[in-house]
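Okay, structure first, notes after.
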Number of protein chains: 2
Amino acid sequence: MTNQAIREEIGDSSLEVALGALRNSIARWTDKSDLLETAVSGLLLYQHDEPTQPRNAMYEPCICLVAQGAKRVLLGDDTYVYDAHHYLIASVHLPTMVQIVEASRSKPCMGVVLKLDQREISQLMVDSNLPQPRAQQSSRGMVLGEVTLPLLNAFQRLIDLLDEQKDIPILAPIIQREIIYRLLVGEQGERLRQIASAGSQSNQIARAIDWLKVNFSQSLSIDDLAAQARMSTSTFHHHFRSMTALSPLQYQKQLRLQEARRLMLAERMDAANAAFQVGYESPSQFSREYNRMFGAPPLRDITNLRQLAAGEGG
Amino acid sequence: MTNQAIREEIGDSSLEVALGALRNSIARWTDKSDLLETAVSGLLLYQHDEPTQPRNAMYEPCICLVAQGAKRVLLGDDTYVYDAHHYLIASVHLPTMVQIVEASRSKPCMGVVLKLDQREISQLMVDSNLPQPRAQQSSRGMVLGEVTLPLLNAFQRLIDLLDEQKDIPILAPIIQREIIYRLLVGEQGERLRQIASAGSQSNQIARAIDWLKVNFSQSLSIDDLAAQARMSTSTFHHHFRSMTALSPLQYQKQLRLQEARRLMLAERMDAANAAFQVGYESPSQFSREYNRMFGAPPLRDITNLRQLAAGEGG
DNA sequence: CAATACATCGTACGATTAGGCAATAAATTA
DNA sequence: TAATTTATTGCCTAATCGTACGATGTATTG
């Protein structure tokens, strides 16, 4: 056995130990098919005890780990599958399809999510004099990386804080900074640094995405948005798509339709009003696009969902 | 013979008489194959005693009449042929191919050109309370119309002024206003009014064209130009093309290459400098496009032209 | 200095939009 | 249950706009 192989062996076994500890911690705080917002702001824990169908979900800027099980994320034509040995970073808000592909009663999928704040990342880059990214080109806003022991340990310490709530205000930010630092210098650090470096194309696109996220119900002028990002219309398109796998309009449409669905489902709003609320000016157009996205026209889709929920509840 | 027919007969014969008078006047001031800028500013007279090949020419905003002979104007894929019974209005600067198709020693092509000033047109529209145009859609910046007797008479009086130079400062503007008025209320008045009504799409495009005409050697941002015209990039394209039969870039290219040709021919500038002067940043690109437009690379084209001129001169 | 790779930009094309109207489904009432 | 009203969805037209693609210009590499 070579030294290299020995190191890997040791590393791997340490990793497994750390993952085991993480599983225990997650299990202490969450129950089956449970999602918990913890006392550490931005830190979420969850477990789920069976595979799911793909479902629409919005990823926020965050880093996601699973201590057990596996998930599949669909972004445009790309597929990202991650498990206990791979983390996933989303550097912007991204509409995706998410599916738990590996989970069971005996071995539920157990996950940790830590939301990332771009300002923190930028601050850390300045503070630690990390080099500006080489390439100007913008790439996908989602990336997979290999889980390392120090990273796992940091997460472990973060979760351990939940037992010592008084330490959270002081220690949580420190540990979060450590995690971010480890990501920045890790294999996918370049990506994160691109997003965070002010004025870069990635950063400009990220700003545009933030704007859309807030103002999706307003009517959208791509030309203006491009001007804001100091790019030509077509260049803006190019970079937007390379980051989100969606055209700006498709992105806005996703936001609009998902919000409309939420309004009808949770706030019991009728189709026409929901359509209007999210920025559509004609109900017929809304109906057509809703149908295209969710597979059924508004009312029928909502009825389906209600029946499904009732069935699960009973 | 119906009254209608009689009126037409009378009208036609009067028209012929008027055209005869116009021919005499033009002949008094111009010689064979001669172009005269008259003492009336904006008024040009010319005659040409043989048909020509099509040649590149820039039309300014103007109205063109021929008292004898015929001309053909090529604008993009459109062809405009006009003779003694049809005038041609150009409402913006337009790069065209022009060809005299009917002319001979005994019956030379005899023409009158009066340049039009958009501000005068707008002023007249306000003063005379002419209605704003109905349609918003923009159309070709060139149009043919049927010559009428009053129009011919006005032109006759304008040319007659050349014999009474002291009256020009007072009478020329008045007669020009009459001509513009007749055009505005005539069959093609709608077109002219569109161009002149501030804020209309046609007017916005006309402004963009004016800008291009002056700043063709600067590098051009279509997005900015569109923003200036308060249109989206694509809408701007659409209207620009419907008015000029050219895309904005093609339009600019025409201006650049024609100016470069002039610089080389008249100012004896070398190719590389001419290229640079009109805004090209690489001589190779210039050469390629020059070749495409004039059928020969810069140096050879100029040599050809010089030989041609020498041949005609001798 | 040529050749090549790469990013950017212009623009033609096709998708999307508003707005109006017709058809249909659902709900309410006779 | 039938009739009437109301809410939703489907369809049309004309215009605008988004955007994929190909042309153009810039940087890089041998």
Side-chain angles (χ1 to χ4, degrees), chain A residues 76 134-139 200-202 204 208 212 218-227 229-242 244-253 256-257 260 264 269-276 279-293 296-303, chain B residues 76 135-139 201 204 208 212 219-227 229-242 244-253 256 275-276 279-289 292:
Chain A
R134 291 181 289 277
Q136 269 285 76
Q137 85 212 1
S138 52
S139 46
S200 74
Q201 278 131 329
S202 299
Q204 301 283 18
L212 276 175
Q218 294 180 30
S219 80
L220 158 66
S221 158
I222 302 282
D223 283 4
D224 290 356
L225 217 53
R230 298 166 190 279
M231 295 180 202
S232 80
T233 315
S234 43
T235 304
F236 177 76
H237 260 99
H238 180 74
H239 288 295
F240 193 99
R241 177 172 272 271
S242 84
T244 64
L246 264 51
S247 72
L249 195 70
Q250 286 172 327
Y251 188 96
Q252 187 205 40
K253 203 174 286 180
R256 284 184 167 188
L257 292 174
M264 290 188 292
M269 195 177 275
D270 66 64
N273 276 317
F276 177 74
Y280 280 88
E281 311 199 27
S282 84
S284 56
Q285 190 63 19
F286 171 72
S287 173
R288 189 159 30 146
E289 311 214 318
Y290 192 100
N291 191 354
R292 200 180 296 159
M293 175 157 175
L299 196 70
R300 196 171 325 147
D301 176 66
I302 297 301
T303 315
Chain B
Q136 269 285 78
Q137 86 213 0
S138 52
S139 46
Q201 277 131 329
Q204 300 283 18
L212 275 176
S219 80
L220 158 65
S221 158
I222 301 283
D223 282 4
D224 290 356
L225 216 53
R230 297 167 192 280
M231 296 180 201
S232 80
T233 314
S234 42
T235 304
F236 177 76
H237 261 100
H238 181 74
H239 288 293
F240 192 100
R241 176 170 271 272
S242 83
T244 64
L246 263 51
S247 71
L249 195 69
Q250 286 171 327
Y251 188 96
Q252 187 206 40
K253 205 174 284 181
R256 285 182 167 191
F276 177 73
Y280 279 87
E281 313 199 26
S282 80
S284 57
Q285 191 65 15
F286 170 72
S287 175
R288 194 157 97 223
E289 312 212 318
R292 202 179 296 159

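Computed from a predicted model, the values in this text were never measured in an experiment. To find a chain, count down the sequence lines: A is the first, B the second, and so on, and within it residues start at 1.
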Specify the separation, in whole Å, of atom CD of A/Gln218 and atom P of D/dC17. 17 Å
Nearest-Å distance, CZ (A/Arg300) to P (C/dA25)? 10 Å
Presence of B/Arg241 side-chain N/O under 4.0 Å of C/dA12 phosphate oxygens OP1/OP2: yes
A/Pro283 has its side chain closest, among C/dG10, D/dT9, C/dT8, to D/dT9
Looking at OG1 of A/Thr235 and CZ of A/Arg230, how far apart are the two atoms once the value is rounded to the nearest 0.5 Å? 14.5 Å
Among C/dT8, D/dT9, D/dT16, find the nucleotide with the atom closest to the side chain of B/Thr235. D/dT16
Identify all pairs in which a protein N or O lies below 3.5 Å from an N or O of nucleotides 22-26 of chain D, and state each distance.
{"unit_1": "D/dT24", "atom_1": "OP1", "unit_2": "B/Lys253", "atom_2": "NZ", "d": "3.4"}
{"unit_1": "D/dG25", "atom_1": "OP2", "unit_2": "B/Gln285", "atom_2": "OE1", "d": "2.9"}
{"unit_1": "D/dG25", "atom_1": "OP2", "unit_2": "B/Gln285", "atom_2": "NE2", "d": "2.4"}
{"unit_1": "D/dT26", "atom_1": "OP1", "unit_2": "B/Glu281", "atom_2": "OE1", "d": "3.1"}

Round to the nearest Å and state the distance from B/Phe240 atom CZ to C/dT11 atom C1'. 13 Å
Closest of D/dT19, C/dT8, D/dA20 to the A/Thr233 side chain is D/dT19
Test side chain to side chain donor-acceptor pair (under 3.5 Å) on B/Ser232 and B/Ser234; report intermediate values, then the result. CA-CA 5 Å; B/Ser232 80; B/Ser234 42; 3.3 Å; yes
Supply the atom-to-atom distance B/Thr233 OG1 to B/Ile222 CD1, rounded to the nearest 0.5 angstrom. 8.5 Å
Checking side-chain hydrogen bond (donor to acceptor under 3.5 Å, both in side chains) against A/Tyr280, which of A/Glu289, A/Gln285, A/Lys253, A/Arg256 comes through? A/Glu289
Between A/His239 and C/dT8, is there a contact of a side-chain N or O with OP1 or OP2 at under 4.0 Å? yes
Counting the atoms with a prime plus P, OP1 and OP2 as sugar-phosphate, which does A/Ser221 contact under 4.0 Å by heavy atoms, base, sugar-phosphate, or nothing? sugar-phosphate
For A/Gln252 and A/Gln218, indicate whether the former's side chain and the latter's backbone hold a donor-acceptor pair under 3.5 Å. yes
Could you tell me how far apart A/Ile302 (CD1) and D/dA7 (C1') are, to the nearest whole angstrom? 16 Å
Rounded to whole angstroms, how far apart are CG on A/Asp224 and C1' on D/dT19? 16 Å
What is the nucleic acid contact for B/Gln252, judged by heavy atoms within less than 4.0 Å: base, sugar-phosphate only, or nothing? nothing
When all nucleic acid strands are considered with a 4.0 Å heavy-atom cut-off, which category describes A/Asn291: base, sugar-phosphate, or nothing? nothing
When the C1' atoms of the five terminal pairs at each end define the local axes, what inter-axis angle does the helix from C/dC1-D/dG30 to C/dA30-D/dT1 show, to 10 degrees? 40°
For A/Thr303, side chain to side chain donor-acceptor pair (under 3.5 Å) partners two or more places apart: none
Under 3.5 Å donor-acceptor, B/Thr244 side chain and B/Phe240 backbone: yes
Nearest nucleotide by nearest heavy atom, which residue falls closer to the 5' end of DNA chain D, A/Ser234 or A/Pro298? A/Pro298
From the options C/dC9, D/dT9, C/dT11, select the nucleotide whose nearest atom is closest to the side chain of B/Pro248. C/dT11
Would you please test A/Asp223 and B/Phe236 for side chain to side chain contact (heavy atoms under 4.5 Å, CB included) and show each step? CA-CA 12 Å; A/Asp223 283 4; B/Phe236 177 76; over 6 Å; no
Applying a 4.0 Å non-hydrogen cut-off, can you work out what A/Leu220 is touching in the nucleic acid: base, sugar-phosphate, or nothing? sugar-phosphate
Report the residue (A/Ala271 or B/Met231) whose heavy-atom-nearest nucleotide on DNA chain D is the more 5′ of the two. A/Ala271
Give the rounded distance in Å between these two atoms: CZ of A/Phe286 and P of C/dG19. 18 Å
First locate atom CD1 of A/Ile302, then atom CG of A/Leu299, and finally report the distance between them rounded to the nearest 0.5 Å. 8.0 Å
Rounding to a whole Å, what distance do you find between A/Ile222:CD1 and C/dT16:P? 13 Å
Protein-nucleotide distance (B/Gln201, atom CD; D/dA15, atom C1'), rounded to Å: 10 Å
Sub-3.5 Å donor-acceptor pair from the side chain of B/Ser242 to the main-chain atoms of B/His239, do we have one? yes
Do B/His238 and B/Gln201 come within less than 4.5 Å of each other through their side chains, counting heavy atoms only? no
Taking the minimum atom-to-atom distance to the side chain of A/Ser284, which one of C/dT8, C/dG19, D/dT16 wins? C/dG19
